[in-house]
Amino acid sequence: MRANDHPAMRRYMKRIIPITIAYIATIALATALVPDNAPASALTIGLALLPGMAALGWLWAMGRLLIELDDEYLRMLEVRKFLIATGATLAITSVWGVLELYSPEVPKLAVFFVFPIWCIGLAVGQLVNRFGFGDPGPC
């Protein structure tokens, strides 16, 4: 069975699409309403928490996918993607952090970018699954 044909994967897509739309909408909302260097207030904190809740929703949906996947091979592919994404994120942020520590001219990496880096790592993991191990699933 191809990954996209699995019922758990279809449920995952039904969960992840509205969460992604909510994430993009809340980032746009916060960007529009909170000026740069705004002091912390109930409004700014609340607006900052909204995209964070969507990110937690992504993690919940990914966890549900692992629980609902009854095909061990498909589950292994997802776990491999998560491990590749996590390893890449840890490597990138660790190296950049050391650069920041010892090279003041290196720009600071905002913590906001850690999750997007991890998501890019998921795409890299999908490519590794597809081309490195011959998985026929779509990218």
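Just the heavy atoms: all of them, side chains too, but no hydrogens, waters or symmetry mates, feed the values below.
- Pairs passing the salt bridge (Lys or Arg N to Asp or Glu O under 4.0 Å) check and including a residue from residues 79-91, sequence neighbours excluded, read Glu78-Lys81.
- Through direct or indirect side-chain contacts shorter than 4.5 Å among Ile, Leu, Val, Met, Phe, Trp and Tyr, Ile45 is connected to Leu49.
- No chain of hydrophobic side-chain contacts below 4.5 Å, direct or via other Ile, Leu, Val, Met, Phe, Trp or Tyr residues, connects Phe115 to Leu90.
- Here the side chains of Ile84 and Gln126 are not in contact, with every heavy-atom distance at 4.5 Å or above.
- Other residues, nucleotides and ligands place more than 12 heavy atoms under 6.0 Å from the CE atom of Met76.
- Note that CG of Asp5 and CG of Leu74 are 10.0 Å apart. Values are rounded to the nearest 0.5 Å.
- Atom CG in Leu69 sits 9.5 Å away from atom CG in Leu77 (nearest 0.5 Å).
- Here the shortest heavy-atom pairing between Val114 and Thr93 reads CG2-CG2, 4.0 Å.
- When hydrophobic clusters are built by joining Ile, Leu, Val, Met, Phe, Trp and Tyr residues whose side-chain heavy atoms come closer than 4.5 Å, directly or via intermediates, Leu47 is not grouped with Leu56.
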With a 3.5 Å cut-off and sequence neighbours excluded, list the donor-acceptor pairs that the side chains of residues 99-107 form with protein atoms.
residue: Glu100; atom: OE2; partner: Trp96; partner atom: NE1; Å: 3.3
residue: Glu100; atom: OE2; partner: Leu109; partner atom: N; Å: 2.5

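- Enclosure of atom CZ in Phe112 by more than 12 non-hydrogen atoms of other residues, nucleotides or ligands within 6.0 angstrom is indicated.
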N/O donor-acceptor pairs under 3.5 Å from side chains in residues 15-38, not counting sequence neighbours:
residue: Arg15; atom: NH1; partner: Glu68; partner atom: OE1; Å: 3.2
residue: Arg15; atom: NH1; partner: Glu68; partner atom: OE2; Å: 3.4
residue: Arg15; atom: NH2; partner: Glu68; partner atom: OE2; Å: 2.7
residue: Thr20; atom: OG1; partner: Ile16; partner atom: O; Å: 2.8
residue: Thr20; atom: OG1; partner: Trp58; partner atom: NE1; Å: 3.0
residue: Thr26; atom: OG1; partner: Ala22; partner atom: O; Å: 2.9
residue: Thr26; atom: OG1; partner: Tyr23; partner atom: O; Å: 3.0
residue: Thr31; atom: OG1; partner: Ile27; partner atom: O; Å: 2.7

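- A search for side chain to side chain donor-acceptor pair (under 3.5 Å) contacts involving Thr86 returns Trp118, not counting sequence neighbours.
- Hydrophobic clustering (ILVMFWY, side-chain heavy atoms < 4.5 Å, transitive): Phe113 and Val98 are in distinct clusters.
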Going through the checks in order, is the side-chain contact (heavy atoms from CB on, under 4.5 Å) test met by Met62 and Leu122? CA-CA 11 Å; Met62 291 174 189; Leu122 289 175; 3.5 Å; yes
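- Shown here are the side chain to side chain donor-acceptor pair (under 3.5 Å) partners of Trp60, two or more places apart in sequence or in another chain: there are none.
- Nearest approach of Leu66 to Arg75, heavy atoms of both residues: O-NE, 3.2 Å.
- The hydrophobic cluster containing Met13 does not contain Ile67, counting ILVMFWY residues as joined when their side-chain heavy atoms lie under 4.5 angstrom apart, directly or transitively.
- The two atoms that bring Gly121 and Ala85 nearest to each other are C-CB, 3.5 Å, heavy atoms only.
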